Structures are given as C-alpha cells and as structure tokens.
Amino acid sequence: MSYFDYDRPNSILLNETLENLTKIIYGFYKEEQNKEDNVIRLHQSTLGADELMAFNETFLSGNFTMGSINKQYETNYANLVGSSFCHTCNSGSSANLLVISTLLALGRLKPGDHVAVPALAWSTTIFPLIQYGLIPVFFDADKNDFNINLDQLTNYCKVNNNIKAIFVIHTYGNPADIDRLKELKEEFNLIILEDTCESMGSTWNDKHTGTFGLVGTYSTYFSHHISTLEGGLIVTDDPEISEVIQSIRSHGWLRHKSVKELIGKYPGYDPSFLFEHVGYNLRLSEPQAAIGIEQLKKLDSIVNARIGNANKYNSLIEQYNLSKYIRIQKVYPNSKSSWFGFPIFLPDKTPQQVATIRNYLKETGIENRPFLCGDFSSQPVMNKVKYLQAPDLSFAKQLHTNSFALPCHNGLSEKQLEYVVDKLSYSITRLL
C-alpha cells in the first residue's frame with residue numbers, strides 16, 4: 001500500500017458538508033467586510049472565503065501532509081514566474097535555510113566562504129550563513145534605491161578576491177539593479193542568490209525577481225503579498241539544486257524519487273526509508289498549499305493595489321510640500337516594485353525627532369515600524385558571531401535611526417492614505 005493511500009470520506013457527505021460551509025463562510029466574510037477598524041494597520045490579511053473553503057475541502061478530504069496539492073501549487077508558481085523548478089516550504093526563513101544548506105551539501109559553497117549581504121537586512125538572510133560556517137560581509141545601502149550598494153561592492157571585490165556569493169535582498173519590494181548584479185557575477189565569478197521574501201510580484205524588464213540568480217526565495221507569511229498562514233517558496237533552474245532541496249526539506253529523505261531508481265542505487269535498503277542528506281522537516285501542509293493556489297489568483301491585483309498606494313503617497317507628499325523633508329526609494333524605470341511597505345527617510349531630523357514623529361503617528365491610529373530592522377551589523381547578536389563589513393556603512397546607519405515604514409497594503413482606501421500623509425505633515429512641520 002502506498003504511504004498516501006488511506007480511506008477517504010464519503011463523497012456525498014463531503015459535498016453536502018462543503019455546500020453548507022460555503023453558505024456560512026461566505027456569509028461571514030460578507031458581514032466582516034462592513035466592519036471598520038479605527039487603526040490604519042501596517043498589514044491586512046489577504047485571506048478570505050475562497051481560501052478558507054479551499055482549506056476546508058482539502059482538510060475534510062483527508063489531505064494533510066505534502067502531496068499532490070503542494071505539487072500543483074509549485075507548478076502554478078513556477079509557471080507564473082517562468083522558473084524550471086519551484087518547491088514549497090514552511091516559511092521564507094526556511095527557504096533561505098534550505099538554499100544555503102543545499103549549496104553547502106553540493107559543495108557550491110564551503111565553510112569559511114565570504115558572502116556579501118546588505119547591512120539593511122533581516123535576520124533570516126544572515127543567520128543561515130552563520131549557521132553553516134559562512135562569513136557574512138556587510139555592505140552599505142545605496143542612497144537611491146536603498147538596496148545593497150553595488151558601487152561599494154564592486155570596489156571591494158576589486159581589492160579582495162574572497163567574496164564567493166551575493167545574497168541580495170530586493171528591499172521592501174524594490175528590485176536591486178539586476179543588470180549591475182549580472183556584471184558583478186561575470187566579472188568576479190560570483191553566485192547570485194535572491195532573497196525575494198518581501199518582494200513577490202516585483203519585476204525587472206518584465207521578468208520576476210527571484211529568477212535572475214542561481215536560486216530565489218519567497219515568503220508567504222501573514223504580512224506578505226500573499227499568505228498561506230506561514231509558508232515559503234524556492235525557485236531555481238538548476239536540476240541538481242532542485243533535487244537536493246526536496247531531500248533536505250523532508251528529513252534528508254529520498255522519498256520523492258522513484259523506487260526503481262533507489263533500489264538500483266542503494267540495494268539492500270527499503271526505498272521508502274533512505275536518507276542521503278542531513279535534513280530538516282520544513283514541509284508545507286496540503287491545506288496551506290490549497291490556500292496558496294487561491295492566493296496566487298489574486299497576486300496581480302494585490303501588487304497593483306500596492307503600486308497605486310505608493311503612487312498616491314508620492315502625489316500627496318508633493319501636494320503637502322513634504323519632499324524637502326522626505327526621501328523615498330528610487331524605483332528604476334525598467335523595474336516594478338511590489339511595495340511591501342512605504343519606507344521614508346528623514347535625513348535632516350534627529351533620531352529623537354524621528355521617534356517623536358513615529359509616536360505621534362501611532363497615537364493618531366497609524367501603525368508604523370522600523371525599515372526592516374535597520375543596520376543589522378549593529379544588532380546585539382552580531383557580537384556573538386564572526387562577520388566582516390565594508391569600511392563605510394554610514395547610510396545604512398542613517399536609515400537605522402532616521403527611517404521608518406508606513407502601511408502600503410492592498411486594503412487601504414484613498415481616504416486612509418490622505419489621513420496618513422496629513423498626520424505625517426503635521427508631525428514634521430508643526431509638532432517638532
């Protein structure tokens with residue numbers, strides 16, 4: 001008997017139950033849509049009745065552990081972004097961990113290798129490097145797009161030949177300069193890895209970010225562009241990497257391979273219980289994958305709404321004559337940002353003044369947060385690990401103290417955006 005063969009529920013009872021649930025759940029969400037929140041949130045759930053019904057049908061059908069629904073979700077996303085292989089996992093953080101562990105398992109990277117990372121970063125871009133004995137090398141943020149400073153990285157590579165890879169973050173949905181990254185790859189023989197966890201739906205020359213490097217990672221956490229409650233995705237065009245990711249994701253098992261192939265390679269072992277790699281359990285459940293299939297249908301509308309919000313913010317900033325106080329990310333003409341949030345930089349204010357502005361916005365019902373987590377090289381945890389940094393991280397340090405992010409999710413109304421900028425204007429021009 002196959003591992004996944006088991007008794008299914010009575011089809012008539014299942015269909016009747018789903019029909020009853022449909023009426024209840026769609027009625028619930030219809031009522032929920034009429035409720036108003038007094039707080040303008042940084043994030044709003046993109047999940048609704050369609051996703052819950054997909055979850056319920058999968059759950060009630062007895063599909064739990066990773067199987068055919070995950071495969072369908074993977075296929076749908078691979079087709080969407082134009083990638084040869086896509087693999088689900090239980091978080092964007094796990095996606096990064098899987099990528100690094102796979103590259104080490106294949107010898108593409110080795111302990112002690114140096115990996116360039118932006119100082120303006122998130123923890124789970126950095127930690128897998130440290131956990132696998134790699135040395136993160138921090139570089140400053142670019143003053144225009146707020147991504148990794150590629151001029152600084154280029155100059156560093158000309159003097160030092162120790163950088164083996166770049167783990168680039170497309171910061172807050174804004175694509176880094178892909179053409180420059182390609183040039184760096186060729187000139188210095190670098191591996192390009194893309195942390196696209198906060199930039200799903202962004203593009204460079206109409207091609208999705210995450211598909212330019214050797215591997216790309218995405219997150220489907222609650223606050224991200226689409227959600228599977230928790231979850232992640234990995235894309236690659238490299239069949240060897242794809243093969244090893246599938247094993248490490250599931251205990252180091254080889255259960256995803258054919259029995260005939262395994263018996264021939266490892267005679268004398270039960271092919272259902274063969275382990276070839278040191279692995280984890282980082283799988284996504286079937287009900288979550290069912291949610292993902294529904295969410296992908298909405299990705300374009302979600303991203304377009306965020307772009308519209310960013311354009312409205314820019315228009316209001318000009319209207320309120322705030323551009324002399326505020327700097328925002330530059331989006332290159334040939335790229336599309338998916339605007340994970342709307343980060344603003346106040347270069348002429350003191351850190352105390354920025355804190356006052358942020359507190360005022362919170363007091364008036366506007367959530368805000370640090371831009372990523374600022375300069376990650378200065379986080380307390382870095383005192384416990386080995387790392388390197390470029391000589392000058394001054395702009396990342398400015399962003400650490402003088403920037404923060406405003407809400408930009410697809411659920412915002414024009415009235416709410418106007419309210420945010422009105423309160424921002426008051427706090428900058430009259431409160432301080």
Side-chain angles (χ1 to χ4, degrees), residues 1-35 43-81 85-92 94 200-201 218-235 246 249-250 253 255-256 258-259 272 281-305 409-411:
M1 185 179 84
S2 168
Y3 183 77
F4 293 102
D5 286 343
Y6 41 83
D7 290 338
R8 302 293 180 175
N10 178 281
S11 60
I12 296 175
L13 177 60
L14 174 62
N15 290 334
E16 288 178 352
T17 302
L18 290 172
E19 186 176 336
N20 291 332
L21 282 173
T22 298
K23 296 174 183 177
I24 295 168
I25 288 169
Y26 279 88
F28 170 83
Y29 276 98
K30 185 177 181 180
E31 290 297 320
E32 276 293 295
Q33 288 173 355
N34 297 324
K35 289 177 63 177
H43 308 292
Q44 179 175 301
S45 176
T46 56
L47 302 172
D50 296 336
E51 289 80 6
L52 184 52
M53 284 308 304
F55 180 99
N56 287 336
E57 182 174 358
T58 306
F59 186 94
L60 292 173
S61 298
N63 297 306
F64 304 119
T65 193
M66 180 176 283
S68 62
I69 298 172
N70 263 272
K71 287 190 178 299
Q72 186 61 60
Y73 179 34
E74 291 170 335
T75 298
N76 291 0
Y77 195 71
N79 291 339
L80 175 69
V81 301
F85 306 102
C86 175
H87 302 297
T88 59
C89 58
N90 62 359
S91 71
S94 295
M200 183 181 283
Y218 305 84
S219 171
T220 55
Y221 176 62
F222 158 75
S223 64
H224 290 212
H225 293 81
I226 67 169
S227 173
T228 55
L229 309 180
E230 298 271 1
L233 295 157
I234 304 168
V235 298
Q246 292 177 80
R249 172 181 66 178
S250 187
W253 234 334
R255 184 166 275 169
H256 62 283
S258 71
V259 171
S272 296
N281 180 4
L282 304 177
R283 295 172 299 200
L284 190 74
S285 71
E286 290 283 86
Q288 288 173 285
I291 292 174
I293 290 170
E294 294 301 317
Q295 282 275 279
L296 284 182
K297 299 173 185 177
K298 303 176 181 180
L299 178 60
D300 281 347
S301 64
I302 289 168
V303 171
N304 288 336
H409 60 79
N410 58 296

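For reference, positions follow the sequence shown, starting with 1. What's counted below: heavy atoms across the whole structure, side chains too, no hydrogens, waters or symmetry copies. Model, not experiment: these values are computed from the prediction.
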Nearest 0.5 Å, what's the CD-CD1 distance between E286 and I69?
-> 4.5 Å
Backbone of L284 reached by a side-chain donor or acceptor of N70 within 3.5 Å = yes
Is the count of non-hydrogen atoms from other residues, nucleotides or ligands lying under 6.0 Å from L13 atom CG greater than 12?
-> yes
Under a 4.5 Å cut-off applied to non-hydrogen side-chain atoms, are I226 and K298 in contact?
-> no
Does some side-chain heavy atom of V235 sit less than 4.5 Å from a side-chain heavy atom of Y218?
-> yes
Kindly say whether E230 contributes a backbone atom to a donor-acceptor pair with the side chain of Q288 at under 3.5 angstrom?
-> yes
Just how far is it from atom OG of S250 to atom CZ of R283, taken to the nearest 0.5 Å?
-> 4.0 Å
If you draw a 6.0 Å radius around CZ in F59, do more than 12 non-hydrogen atoms from other residues or ligands fall strictly inside?
-> no
Could you tell me the separation between the CE atom of M53 and the OG1 atom of T58, rounded to the nearest 0.5 Å?
-> 10.0 Å
Any side-chain donor paired with an acceptor under 3.5 Å for T228 and Q295?
-> no
Got H224 and M200 here, is their nearest side-chain heavy-atom distance under 4.5 Å?
-> no
Pair E294 + K297, salt bridge at N-O below 4.0 Å | yes
Heavy-atom nearest pair, S61 first then L14, reads OG-CD2, 3.6 Å
Search all heavy atoms of F64 against all heavy atoms of P287 and return the closest pair with its distance.
-> O-CD, 3.7 Å
Looking only at non-hydrogen atoms, find the nearest pair between F222 and H43 and report the distance.
-> CE2-CB, 4.2 Å
All heavy atoms of H225 vs all of V303, minimum pair found to be CD2-CG2, 4.3 Å
Spacing of CG belonging to L80 relative to OG1 belonging to T75, to within rounding of 0.5 Å = 12.5 Å
Scanning both residues in full, the closest heavy-atom pair of L233 with T220 reads CD1-CG2, 4.3 Å
Does the side chain of F28 come within less than 4.5 Å of L52's, by heavy atoms?
-> no
With rounding to the nearest 0.5 Å, note down the distance linking OH in Y73 to CD1 in I291.
-> 9.5 Å
Identify the two heavy atoms, one from S227 and one from Y221, that lie closest to each other, and give their separation to 0.1 Å.
-> CB-O, 3.8 Å
Is it the case that more than 12 heavy atoms not belonging to Q246 sit under 6.0 Å from its CD atom?
-> yes
Approximate separation, where rounding is to 0.5 Å, of E51 CD and T46 OG1 | 6.5 Å
Taking the side chain from R249 and the backbone from N90, do they hold a donor-acceptor pair closer than 3.5 Å?
-> no
Side chains of N76 and Q72, donor plus acceptor under 3.5 Å = yes
